[in-house]
Amino acid sequence: MSWVAVLNDLSAAWIEAMSRACWQASVLLCLAWILGRLFPRLPPRVLCWAWRVAHLRILLAVAFVVPVELALLPDWLGPAPAPVDALPWPSAVWSLWASDLAPAAHVRPALTSTSWLALAWALGVVAVAATLVRASRWAHRLRQRAVPAGGEARDITAELGRALGLARLPGLSFSPAVAGPMLVGVLTPTVILPSRDRHGSDLRLMIAHELAHHSRGDLVWSGVRSLVEVLLFFHPLVWWTRHEADLAHEVACDELTLRVTGSSPREYGELLVRLVAASRPGRLLPLAARGVTSFRPVRRRLASLRRLDPTLRHPCRAVALLGLVALILAAIPIRLAAPGHREPGLAGLERALAHGLEVHSVAFSPDGRTLVSSGAQGTTRQWDARSGALLRTLAGERSLVSTAAFSPDGSMLAASRRNDEVLVLDLATGKPARVVTGRNEVRSVVFSPDGRTLAVASGLGMVDLIETGSWTRRLSVPGARRPQIAFSPDGSIMASRTGAGEVKLVDPATGAVVRSLCVAPGGEIERVVFSPDGTLVAGAVVSRGGSSGCVALWPVAAGARRALPLDARPRALAFSPDGRRLAVGHDGSITVWDSATGRLIDRVAGHSRSVDGLAFSPDGHHLATGSADRTVRLWRVL
């Protein structure tokens, strides 16, 4: 598997994680900001934890793309699915196909637009991370050049450490290079104080404030926020709200400082004013507590001092532990389920395959081991459905639309390679068995369920039924422009989309029209497919404007038509093997419906352009989607 295919695979998972993290960042950061603005008298520790939860939730949104299921519900809520058996591997390896088939080594898949976007994001991450690394190195050099403190400063630190319950005290140093106190370092934290303040009450208050940062673990949470800023450097809210999060931590430490020192808010406020008057602009320090940088945040801290209650004690450790557990449960997406039960839907993207050209159709082999994708220029590619490895490529020419289909026994593959030509491959020998000539612009190729007939639909409005034994044209069924065909499971009926808002049910033995299924005037049918039990015909109906439509469900025997209303144009249809789910491809998204109740089960924005090909694996555990964005994607199905 080439590095391009690996990158396309990784970028598909990346875009899903980034999309989820971006919208969650917008919601969570706005909620934390609104909480602080609407409730100014909220305890600062509560607001501080609101920002912490927001940043941790954003970070975990990148890691947890698929919800974690907890089997806590009773068994009667859902049956356990049948175990997934390993698919048998054939004893012989396919030989190289004929000269029309290019070896996989000669195929150079192209980078998708998502991959280019992921590369640009990676460059941005490296650039932002480099600035933080440089700032961290500056802080490290600052700590090395600082003069260790002793005497009165060390005694004050020990006294305040006992008051805060610190088991391990951070280092303490003086430096002429800083205008205000700061706490740097996560593994080996050090309090760095300005050299001019070596004695008096100001020294005590500054040390108490930095020890408060240490006792609250602010440096660790600063690292979480910095990681969010690196990963979502392009998100404006992440940078716009960073000062609000810093202010919440500083106010919480101000409250703790007043409590352990017993100082008055007035005395502490005067210290803040003196520090901001002596401060000068500094660099960004990702893993440092540096609260006095400009007058604007200090002015808001002075206003908060009048509302602080330094007599309020911290909650006990048991309550803090319960809060931490609640935080984790709130941060990780969780889905409750019965043991062994799975809600039907798309569990997540498993891999993305770079077809290199627009994909019009996808199909699984009957054993589920192989997947073929057909697209523009008559090109059909064969993939290993498990590993995603490209096995073979059937190159075409001068074909605007390409389609391919396996025979029911898996021994043959029919694929259009030119506008008027269908190549039938014998998969046992890997050599072309027959070249079938169509009637200009082959639109659809389908084997009958018994494998004895190959139906070829052309753009001239004719469906040719060809006997696979003699490869002679047995019957031609008149249709309309751009027909698209499907056989019923028992092979007794063939459905043909006419392109004029009508589906004809034809007897393939005689060519007689059994029934005509129509939609409302102005509508056009995009695709047609039979349900696995053969009782329903589903048609993708496009509205007059082409921007929306519905899925029409007709009983094959008799009965009224039902419809699934859609808010997007349907382009492809596929029933699951058990018939319970119906997948619909749209312009960039896939929806999954309950075919019995018409309930929407799932919706996934899986592609950047229209989804024109859908196919369920024979065991129903995977869904393949082909798109005009030149990719094929495999989704896990619950």
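Computation of the quantities below employed the complete heavy-atom set of this structure, encompassing side-chain atoms and omitting hydrogens, waters and symmetry-equivalent molecules.
Thr468 places a side-chain N or O within donor-acceptor distance of the main-chain N or O of Gly451, the cut-off being under 3.5 Å. When atom types are taken as modelled, the side chain of Arg515 and the backbone of Val556 share a donor-acceptor pair closer than 3.5 angstrom. Looking only at distances, no side-chain donor or acceptor of Arg527 sits under 3.5 Å from a matching main-chain atom of Gly613. Using modelled atom types, no side-chain atom of Arg497 and backbone atom of Ala486 make a donor-acceptor pair closer than 3.5 Å. Between the Trp121 side chain and the Leu231 main chain, a donor and an acceptor come within less than 3.5 Å of each other. A distance-only check finds no donor-acceptor pair linking the side chain of Trp471 to the backbone of Ile466 [under 3.5 Å]. In terms of modelled atom types and a separation under 3.5 Å, the side chain of Gln484 and the main chain of Val528 share a donor-acceptor contact. Judged by distance alone, the side chain of Ser416 and the main-chain N or O of Thr403 form a donor-acceptor pair under 3.5 Å.
The heavy-atom pair separating Arg603 from Ser589 by the smallest distance is NH2-OG, 3.5 Å. For the pair Leu634 and Leu349, the tightest heavy-atom approach, listed with the atom from each and the gap, is O-CD1, 3.5 Å. Scanning all heavy atoms of the two residues, the minimum distance from Leu232 to Met18 falls at CD2-SD, 3.9 Å. Between Ala457 and Val463, the shortest heavy-atom contact is CB-CG2, 4.1 Å. Leu582 and Leu564 get closest at one heavy-atom pair: CD2-CD1, 4.1 Å. Across every non-hydrogen atom of Phe616 and Phe575, the tightest pair is CD1-O, 3.2 Å.
Side-chain contact between Ser374 and Ser361 is present, with heavy atoms from C-beta onward closer than 4.5 Å. Residues Ile58 and Leu29 have side chains in contact (heavy-atom distance under 4.5 Å, counting atoms from C-beta outward). Side-chain contact between Glu502 and Ser516 is present, with heavy atoms from C-beta onward closer than 4.5 Å.
For the side chain to side chain contact (heavy atoms under 4.5 Å, CB included) test, residues two or more places apart in sequence or in another chain that qualify with Ser488 are Asp490, Ser492, Ile493, Phe530. With sequence neighbours left out, Ala414 forms a side chain to side chain contact (heavy atoms under 4.5 Å, CB included) with Val422, Val424, Val445, Phe447, Leu454. Taking Ser627 as the reference, His607, Arg609, Asp629 meet the side chain to side chain contact (heavy atoms under 4.5 Å, CB included) condition, with sequence neighbours excluded. For Trp240, the ring pair (Phe, Tyr, Trp, His ring centres under 6.0 Å) partners two or more places apart in sequence, or in a different chain, are Trp33. Legend: residues meeting side chain to side chain contact (heavy atoms under 4.5 Å, CB included) with Ser448, ordered by chain and number and at least two apart, are Asp450, Thr453, Phe487. Under the rule for a salt bridge (charged side-chain N to carboxylate O under 4.0 Å, His left out), the partners of Asp578 that lie at least two apart in sequence or sit in another chain are Arg580.
With rounding to the nearest 0.5 Å, the separation of CZ in Arg636 from CZ in Arg351 is 9.5 Å. Interatomic distance, Leu566 CG to Thr591 OG1, rounded to the nearest 0.5 Å: 6.0 Å. One distance of note links CD of Glu350 with CG of Leu623; it measures 11.5 Å at 0.5 Å rounding. Distance OG1/Thr631 to CD/Glu358: 11.0 Å, rounded to 0.5 Å. The line from NZ of Lys504 to CE of Met494 is 10.5 Å long, rounded to the nearest 0.5 Å. Taken to the nearest 0.5 Å, the OG atom of Ser407 stands 4.5 Å off from the CE atom of Met412.
A side-chain contact (heavy atoms from CB on, under 4.5 Å) with Trp635 is found for exactly one of Thr625, Asp602, Val592, namely Thr625. The side-chain contact (heavy atoms from CB on, under 4.5 Å) test with Ser387 singles out one residue from Asp384, Leu390, Leu391, and that residue is Asp384.
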*asked:* Determine whether Leu427 and Ser411 satisfy the following criterion, side-chain contact (heavy atoms from CB on, under 4.5 Å), listing intermediate values before the conclusion.
replied: CA-CA 5 Å; Leu427 299 182; Ser411 63; 5.7 Å; no

*asked:* As a quick check of understanding, evaluate side-chain contact (heavy atoms from CB on, under 4.5 Å) for Leu371 and His622, giving each step before the final call.
replied: CA-CA 11 Å; Leu371 174 69; His622 290 86; over 6 Å; no

*Dump the intermediate steps for side-chain contact (heavy atoms from CB on, under 4.5 Å) on Val611 and Arg571, then the final yes or no.*
CA-CA 7 Å; Val611 180; Arg571 292 182 174 273; 5.9 Å; no

*Carefully, step by step, assess Thr393 and Arg381 under the rule side chain to side chain donor-acceptor pair (under 3.5 Å).*
CA-CA 4 Å; Thr393 295; Arg381 304 194 193 281; 3.1 Å; yes

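We find that Asp464 and Arg473 are joined by a salt bridge, their nearest charged nitrogen and carboxylate oxygen being less than 4.0 Å apart.
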